[in-house]
**Student:** 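Here's a structure for you.
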Amino acid sequence: MAAPALKPLPETSYQPTPAQADALARIKVVVGARGWTTNTEEMRPHLIEWRGHYQGRAQMVVRPANTAEVADVVRICAEALLPIVPQGGNTSMCGGSVPLEAGEEIVLSLARMNQVRAIDPANHTMIVEAGCVLQTIQGVASEADRYFPLSLAAEGSCMIGGNLSTNAGGTNVLRYGNARELVLGLEVVLPDGRVWDGLLGLRKDNTGYDLKQLFLGAEGTLGIITAAVLKLFPKPRAIHAAFCAVRDVPAAMELLGRARGQSGDRVETFELISRLVIDLILKHIPATHDPLAARHDHYVLLELATAAEDDDGLRDSFEAILATAMEDGLVLDAALAQSEQQRQAFWALRENGSESQKLEGASIKHDISVPVSAIPDFYEDAWNAVLEIEPKARLVAFGHAGDGNLHYNIAEPVGGDRAAFLEKWGAISAAVHDTVHAYHGSISAEHGIGQLKREEMTRYKSEVELDVMKTIKAALDPMGLMNPGKVI
Ligand code: FAD
Ligand code: MLT
Ligand code: ZN
């Protein structure tokens, strides 16, 4: 994914302290010539986030080659009070992976730590370094006849250290869980430079606190993940996909319950897609096609999968589920993929949601979750609340409805005044998030907090939760050097 062009920032006034200047020189020696840069063009992709909303400055981009180098760099930074932004593929959607404008930090990229250290098919595990690209990990697992189920549209550029640090979700959570559930062990460089080697491939270990959970989803604020033991699964032998037009959102959720029950809980993916998403994809993404003849307001991309060699009657079961759902008026039309190519064409209509929205113009994104049972009511209530603020707003809703997670994004009105629309950002987000809160949901289901939702989070978390988070941060990173300005 190409980084957007840098915008001019006001002249930097930051001057490194003498200790920081000395630290930068020592870091260059630790990582060697290939391991650092201050060149503007080389630093550019590390300083701006995917949508171009957040852009910062850094004193240097450092790319250590191994855990020992990461530890040395972090120790030097701790001694000199030099703050660090850990970075993987820089596909964060909340400004978590880029430095602040002030320019005091270094970016520590894990990109050179990209080795698969070991794979143990019998234990269904593999040990990977933080800079491995997610798609590479999926491929290595597949070559060993195993399956690593984490899957998201950014998988060609995001890295496993970033995935674990954001507790990424994606399209297979319903069956296999979030990134957090796919990890057995971690290796972490702590903010003082010590290395915690927790690379155990155990499914049972009750020896005290589960330390790895602290770093999973911490967005680089508590330490740097350098390697992980990942859980693998038997490879699915058959995956059947259907692109279904549903009567409405309640019908979609009824379909989910039925598909889970009637397939023996073999639903792999359940993604809701509103019509406007399809329109934007057909408009902006070449070689995409509407799989159904007529237009409908809502669609579901539904997949059932089995690891059984003989399909175990899954295809027949899928056809029966769709037939009954059509008879009952839940599904209005459906296309069941007849080939892998057709299945991939369905996915092109799902995975390009973010890209097409970016190309369409301004949008106010909400990555929310509510209990699965509350999705229909939330969907309607939030929309009514948004319309009160911007009657011409357009709803671009899609996402992992099977997990209770929707990307409930509000696009600018056609031909409207962009600046006037963006001025309503705070009010629109508050309306959506207040509705989420009323349904006991979360304002960040999978993308994290970063800079984007740091203040917003304090509106919805209790004093107790915020206090415990601050206590943990202070215990591990008393100087506040790990990814400052993010999360808390
Ligand atoms: P980065 O963006 O580089 O970093 C993310 C955060 O983790 C930052 O706070 C950073 O400081 C920290 N970090 C990175 N590496 C480390 C490390 N080794 N140790 C400690 N901290 C670290 N997300 C989903 O959950 N589900 C989706 O379906 C999804 N779809 C997406 C689709 C598109 C098109 C795009 C652009 C993004 C999508 N995302 C999605 C968001 C993003 O891809 C994920 O958050 C991803 O996990 C980030 O990985 P990364 O390597 O790019 O991390
Ligand atoms: C996705 O599921 O495609 C991303 O998480 C979406 C987004 O909010 O752009
Ligand atoms: Zn998503």
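Since this is a predicted model, take the numbers as computed values, not measurements. Indexing begins at 1, ligand by ligand and atom by atom, following the structure's order. Values below: every heavy atom of this structure, side chains too, minus hydrogens, waters and symmetry copies.
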**Student:** Evaluating non-hydrogen atoms only, which member of Gly131, Gly88, Ala218 is closest to atom 3 (O) of ligand 1?
**Tutor:** Gly88
**Student:** Consider ligand 1: state whether an atom of it lies below 4.0 angstrom from any non-hydrogen atom of Met93.
**Tutor:** yes
**Student:** Using a strict 4.0 Å threshold on nitrogen-to-oxygen distance, state whether Glu271 and Arg350 make a salt bridge.
**Tutor:** yes
**Student:** Is Gly170 near ligand 1, meaning one of its heavy atoms is under 4.0 Å from it?
**Tutor:** yes
**Student:** Run through ligand 2 for me and note each protein residue having a heavy atom under 4.0 Å from it, chain first, then residue number.
**Tutor:** Met93, Arg350, Ser354, Lys365, Phe398, His400, His407, Glu446, His447
**Student:** Among the N, O or S atoms that Glu446 has, which is closest to the Zn ion (ligand 3)?
**Tutor:** OE2
**Student:** Looking at residues at least two apart in the chain, or sitting in another chain, which of them share a ring pair (Phe, Tyr, Trp, His ring centres under 6.0 Å) with Tyr176?
**Tutor:** Tyr147, Phe233
**Student:** Tell me every residue that passes ring pair (Phe, Tyr, Trp, His ring centres under 6.0 Å) with His240, counting only those two or more places apart in sequence or in another chain.
**Tutor:** none
**Student:** Does ligand 1 have any atom sitting under 4.0 Å from a heavy atom of Arg51?
**Tutor:** no
**Student:** Under a 4.0 angstrom heavy-atom cut-off, which atoms of ligand 1 come close to Ala154?
**Tutor:** 32 (C), 33 (C), 35 (C), 37 (C), 43 (O)
**Student:** We want to know whether Glu187 and Thr67 form a side-chain donor-acceptor pair, criterion being a heavy-atom distance below 3.5 angstrom.
**Tutor:** yes
**Student:** For the residue pair Lys473 and Met482, establish whether any side-chain heavy-atom pair is separated by less than 4.5 Å.
**Tutor:** yes
**Student:** Got a salt bridge between Asp434 and Arg459, using NZ or NE/NH1/NH2 to carboxylate O under 4.0 Å?
**Tutor:** yes
**Student:** For ligand 1, indicate whether the residue Ile225 contacts it via side chain, backbone, both or neither (heavy-atom separation under 4.0 Å).
**Tutor:** both
**Student:** Test your reading of the structure: does Asn163 have an N or O sitting under 3.5 Å from an N or O of ligand 1?
**Tutor:** yes
**Student:** Which atom pairs, donor and acceptor, lie under 3.5 Å between side-chain atoms of residues 436-443 and protein residues at least two apart or in another chain?
**Tutor:**
unit_1 : atom_1 : unit_2 : atom_2 : d
Tyr439 : OH     : Asp381 : OD2    : 2.5
Ser442 : OG     : Ser444 : N      : 3.1
Ser442 : OG     : Ser444 : O      : 3.1

